[in-house]
Amino acid sequence: MSIIISETIAFFCCLMYASFFEWTLHKYLMHTPFWQYPFRAHALVHHGLFRTGAQYFLPDAKVIRKVRFAWWNAPFIIILHTPVILWIQRTLAVDIFAGGLSALILYYFLYEYLHYCMHIPKRRWLETTAWFRWLDSHHHMHHKRHFNNLNVVLPLADIVFGTLIPAKDHMALPDREDGATQVGLLLSES
Ligand SMILES: [Zn+2]
Ligand SMILES: [Zn+2]
């Protein structure tokens with residue numbers, strides 16, 4: 001198999017895998033008091049500060065750091081996967097490392113950036129797209145029902161595991177325009 005084909009297949013397989021990894025991590029580490037650090041940081045702090053309606057948006061400039069993960073989470077997750085991808089590459093005897101790893105890095109970046117934009121509206125072009133609006137509505141419902149809509153980036157695992165709340169049952173989203181004004185004031189005062 002040519003390198004381009006195997007790396008491309010690996011890229012898409014790893015994107016799908018990342019949806020299941022995100023779902024599992026979110027449900028079992030971030031919403032279950034199994035290990036105190038991720039449970040506190042996410043279920044108690046993030047969900048305590050960010051709720052639904054107008055409270056979905058940044059409430060105070062001082063808590064802006066509670067939207068993203070700590071900086072070391074990205075290298076930790078990526079480094080954890082590196083030997084596994086190398087092992088699969090060796091076992092299958094096809095090149096998949098670059099495709100697989102870049103999919104995981106892209107997924108992580110999308111998670112952080114999309115989630116940041118969801119809670120911190122700033123009249124970005126991205127926020128006007130149908131794709132973002134749908135994902136935003138999906139995540140807004142997660143802030144209402146913590147064990148549903150566990151994916152932020154690709155809700156594949158939510159569909160497979162039956163945790164997806166259909167769009168027709170979503171609560172109305174808070175006004176993003178008002179949110180951008182409110183967040184703009186908070187950030188300019190800080
Ligand atoms: Zn959130
Ligand atoms: Zn959550």
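Residues take their numbers from the sequence shown, with the count starting at 1. As the structure lists them, so they are numbered: ligands from 1, and atoms in each ligand from 1.
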Self-check item: Side-chain H-bond candidate by donor/acceptor type, Y108 with N73, under 3.5 Å
Solution: no
Quiz item: Taking 2.8 Å as the cut-off, does an N/O/S atom of H143 lie below it from the Zn ion (ligand 1)?
Solution: yes
Quiz prompt | Rounded to 10 degrees, the angle NE2 of H31 makes with NE2 of H142 at the Zn ion (ligand 2) | solution = 100°
Exercise. May I have the angle between H47 NE2 and H42 NE2 with its vertex at the Zn ion (ligand 2), rounded to 10°?
Key: 90°
Practice problem: Using only heavy-atom distances, determine whether the side chains of H140 and H170 contain a donor-acceptor pair under 3.5 Å. | Solution: no
Quiz item: Do M171 and W134 share a hydrophobic cluster, counting only Ile, Leu, Val, Met, Phe, Trp and Tyr and linking them when any side-chain heavy atoms are less than 4.5 Å apart?
Solution: no
Practice problem: Quick one: sort the W23 and F161 rings into parallel, tilted or perpendicular, breaks at 30° and 60°. | Solution: tilted
Quiz item: Any N/O/S of H139 under 2.8 Å from the Zn ion (ligand 1)?
Solution: yes
Quiz item: Is it true that some N/O/S atom of H146, main chain or side chain, lies under 2.8 Å from the Zn ion (ligand 2)?
Solution: no
Exercise. Go through the side-chain N and O atoms of H138 and H142 and say whether any donor and acceptor fall under 3.5 Å apart.
Key: no
Practice problem: Please work out the angle at the Zn ion (ligand 1) defined by atom NE2 of H119 on one side and atom NE2 of H115 on the other, rounded to 10°. | Solution: 90°
Quiz item: Regarding R124 and T129, is there a side-chain donor-to-acceptor distance under 3.5 Å anywhere?
Solution: no
Quiz prompt | H46 N/O/S atom closer than 2.8 Å to the Zn ion (ligand 2) | solution = no
